Amino acid sequence: MFSPFSSIFPLLAALVVYILPSVHAHSNGMDMSMDGSMDLAAGQMLTYLHFTPGDIVLFYGWVPSSKRAMAGACIGLFLFALVERWIGACRSVMEAHWRTRAQIIQADRINLPTSSDKKRALPSGRIRDTITLRNAPPFIPAHDIARGILHAAQVAIQFAFMLIVMSFQVSFILSIIIGLSVGETLFGRFASHASLH
């Protein structure tokens, strides 16, 4: 039997063989080797760990080039890291509070009074909830929207840290690490205490 597809495949193969040699990457005048530093508008980005000033810190306007400016940037990054750990501790404490509130709300829903005219039996949904003791708390907009906002803020700060670390500036990296360590020392007990309850 003759099929129209049997004659198309050899034509497609011939077309691919004909076009393939003309397809190749062009350099577009750019040197794509990663051996040296990258040229930026504000200077050169060093692709190795270094202590030299002049790297961009998150914003084009924040380029510390003197020793005092570097010290100020490191103090700012240290404080930024403390804020990240503080937000994490606040989030843990709020999670414990929200968990307790959700349990109270769920217990109130199960223990709703019924009218005296009807039987004193719980509706089947309440019996099921009582027996199975749902593991997932109910959706409470006041809790869950705030949880999402806190998580988004924490992730945004962590992405900012990632971008700062990618500058390979050792003083910035050490400032963030020390700030996160001091922040965990100061605020970590609140997070661990909240998770126990």
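Residue numbers start at 1 and run along the sequence shown. Since the model is a prediction, treat every value here as computed from it, not as a measurement.
Ile105 belongs to a hydrophobic cluster with Ile140, counting contacts under 4.5 Å between side-chain heavy atoms of Ile, Leu, Val, Met, Phe, Trp and Tyr, direct or through other members.
Following chains of ILVMFWY side-chain contacts shorter than 4.5 Å, one cannot reach Ile145 starting from Met94, and the two form parts of different hydrophobic clusters.
In this structure, OG on Ser167 lies 5.0 Å from CG on Asp55, to the nearest 0.5 angstrom.
With a 4.5 Å cut-off on side-chain heavy atoms, Val57 and Pro64 count as touching.
Partners of Ala146 by side chain to side chain contact (heavy atoms under 4.5 Å, CB included), not counting sequence neighbours, listed by chain and number: Trp98. With sequence neighbours left out, the ring-ring contact (aromatic ring centres under 6.0 Å, His included) criterion links Phe78 to no other residue.
For Trp86, the CH2 atom is loosely surrounded, since the number of other residues' heavy atoms within 6.0 Å does not exceed 12.
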Counting only pairs under 3.5 Å, give me each side-chain donor-acceptor contact of residues 148-163, with atom names and distances, residues two or more places apart or in other chains.
residue	atom	partner	partner atom	Å
His151	ND1	Arg91	NH1	3.3
His151	ND1	Arg91	NH2	3.4
Gln154	OE1	Arg91	NH1	3.1
Gln154	NE2	Glu84	OE2	3.1
Gln158	NE2	Glu84	OE2	3.1

Using atom types as modelled, flag every donor-acceptor pair under 3.5 Å from a side chain in residues 176-185 to any protein atom, sequence neighbours excluded.
residue	atom	partner	partner atom	Å
Ser181	OG	Ile177	O	2.9
Glu184	OE1	Arg85	NH1	2.6
Thr185	OG1	Ser181	O	2.8

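Applying the salt bridge (charged side-chain N to carboxylate O under 4.0 Å, His left out) test to pairs two or more places apart or on separate chains, those with a residue in residues 147-165 are Glu95-Arg147, Asp144-Arg147.
Across all their heavy atoms, Phe190 and Ala89 have their closest contact at CB-CB, 4.3 Å. Across every non-hydrogen atom of Leu82 and Phe187, the tightest pair is O-CE1, 3.8 Å.
Under the 3.5 Å distance criterion, the side-chain polar atoms of Gln169 are matched with a main-chain donor or acceptor of Thr52.
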